[in-house]
Asks: 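Shown below is the structure under consideration.
Order of the sequence lines fixes the chain letters, A, B, ..., with proteins taken first and strands second; residue numbering starts at 1 for each chain.
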Amino acid sequence: MSIEIRQVNKRFGTFQALKDIDLTIESGELVALLGPSGCGKTTLLRIIAGLEAPDTGRIAFHGEDVSSREVRERNVGFVFQHYALFRHMTVFDNVAFGLRMKPRRQRPSEAVIAEKVHELLNLVQLDWIADRYPEQLSGGQRQRIALARALAVEPRVLLLDEPFGALDAKVRKELRRWLARLHEEVHLTSVFVTHDQEEAMEVADRIVVMNKGVIEQIGSPGEVYANPASDFVYHFLGDANRLDLAGQAVLFRPHEISLSRQAETGHLPAEVRDIRPLGALTRVTLKVSGQDDPIEAEVAKNHVTLAGLSRGETLYFRPNAEQPEPWEERGL
Amino acid sequence: MNTATLAAAGVSRTRRGAPWGRRLLILAAWLVFVLFLLLPLLIVINEALKQGFGTFFAAILEPDAVAALKLTLIAVGISVPLNLVFGVAAAWCVSKYEFRGKSILVTLIDLPFSVSPVIAGLIYVLLFGAQGWFGPWLMDRDIQIVFAVPGIVLATLFVTVPFVARELIPLMQEQGTQEEEAARLLGASGWQMFWHVTLPNIRWGLIYGVVLCTARAMGEFGAVSVVSGHIRGLTNTLPLHVEILYNEYNHVAAFSVASLLLALALLILLLKQWSEARINRLKAAAAQE
């Protein structure tokens, strides 16, 4: 089920939340809406769901205009940032809710509902907590129950609002890999909102980078990272260094650098201010005379220049932005 | 660990350092409670039973007293359900929607708390009385509001408007709209959403509000007194009946009827205590999250 968004505008009072949004999400795709808070990504998601009405423009599911359809008739699965589980119902009743609310003629029997609920709880690997209440669950468990509840009504599209935002770092990492795998299995057209570029990179097929109510760029994780369409995208997708060379600014990422202990042609001298081992990489902070912003360099932890290096020494560096990105080498 | 030690130290210091101040305060609280709350209650019961159970039951079962009890129950039976519906509707709009004039509506809901009940009664006399705005129009159609049952119900309604809404607004604001949105997304109709999601979430707060509302409706004196006209057996509620008996120096009967009112109040209080305990337990569970 594809989603087409055409010329959508939305204002809240004097604040333009969305401006001329045009976006097509292909059937079966997992798309991330990525941007800083207040960029309109959640508003766009709520408009797709029908929880918010756009001022102008239209939304179509698979070519069929759903703009005038009510929330309950759109048949979308929605997972809220804070889960919004029904607090007075057990996990089982939460997941069964959508099936029980169906009109009498379409409503399956309780036996069929029970079977379906257990199937979904197995899918999210939480069949053993069917009798508990939401307040007795951990954040990660609630998130998966919210997902099972959304999937119970067999939605045409799945929308997730900051699905991992309220979880701690380790659980977040596990869950997003799990979500990516789940998407492989069920292959439901899915859109999720996030402000975390790493999360978007890791999970999504395509990333829609948004800022101040407009779409800055749409592309695969590799594309948006390697060929950012604007300064905003460049800065948002990763750390960036800024070097002033004779009045001209050069932007490069911390790993796009070549370091040397000896003076070489094209290399600039800089003082080592800090050395931070970060695991596989080591970050060296450099101070260049004539500019306030330090330069950060990230090199493999066994890089030759690091041997015996200490603060206060002088290193020579050169921005190396032309260096091909790894996925281009691998032909991806 | 650290805070626990500190807290323990703090407790033991207050115990050793200032025991007298604390004991004095507790004693004062008990004194006030006994003197101003418990003693009057005991006196009411004592006075009522002074001439034995026979006179007590005679006073309660006397036709005018029974009529007063009936009227009180009618006033409660009409005003409480109406306020229940109004309270839920008002709390719903205020907590789940943004609209112009919202703050004015919230202030207006509180109006009966700040207006003296006597003035509330007078308003109805001025509106619906023989010399009032709608007086002649009502008279032409032979409709009696003031000095009749409708006036008493209206006055009771007015003074009890805020109870349910006031109880629900903070509760519903705290709960937000996400569960309702989730229900809609899962295909629930407006009525299904209200019945299966909203109502269960506000259940205990609602019971608490209704209990308070009922207690107030039963005990209301000022506003009802103004619109009642004090016609025995017709427009006297229980509190008014107590006053009349007392003014006639019929103390035993007055206190007997008063203790009937007291019994109803205690029953309501027990209900309140029970629902409050439920709410606190739910809140504690929510706070654990």
Asks: Could you tell me whether a side-chain N or O of A:Gln141 sits under 3.5 Å from a main-chain N or O of A:Ser138, the two making a donor and an acceptor?
Replies: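 Yes; at least one donor-acceptor contact below 3.5 Å.
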
Asks: Can you tell me which portion of A:Leu99 sits under 4.5 Å from chain B's heavy atoms? Options are side chain, backbone, both or neither.
Replies: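 For A:Leu99, no heavy atom lies under 4.5 Å from chain B.
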
Asks: Which answer fits A:Phe86, side chain, backbone, both or neither, if we ask what part of it has an atom under 4.5 Å from a heavy atom of chain B?
Replies: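 Both parts, backbone and side chain.
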
Asks: Taking the six-membered ring for Trp, are the ring centroids of A:Phe92 and A:His118 within less than 6.0 Å of each other?
Replies: yes

Asks: Under 4.5 Å heavy-atom distance to chain A, tell me which part of B:Glu180 shows up: side chain, backbone, both or neither.
Replies: neither

Asks: For A:Glu73, is it the side chain, the backbone, both, or neither that has a heavy atom closer than 4.5 Å to a heavy atom of chain B?
Replies: neither

Asks: Between A:Val153 and chain B, with a heavy-atom cut-off of 4.5 Å, which part of the residue counts as in contact: side chain, backbone, both or neither?
Replies: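 Just its side chain gets close to chain B.
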
Asks: Under a 4.5 Å heavy-atom cut-off, does chain B meet the side chain of A:Arg149, its backbone, both or neither?
Replies: both

Asks: Aromatic rings B:Tyr97 and B:Trp92: how do their planes relate, parallel, tilted or perpendicular, breaks at 30° and 60°?
Replies: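 Judged by the thresholds at 30° and 60°, the geometry between B:Tyr97 and B:Trp92 is tilted.
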
Asks: Where is the tightest heavy-atom contact between B:Ala215 and B:Ile268, given as atom of each residue plus distance?
Replies: CB-CG2, 3.7 Å

Asks: Have B:Arg216 and B:Thr156 got a donor and an acceptor in their side chains that come within less than 3.5 Å?
Replies: no

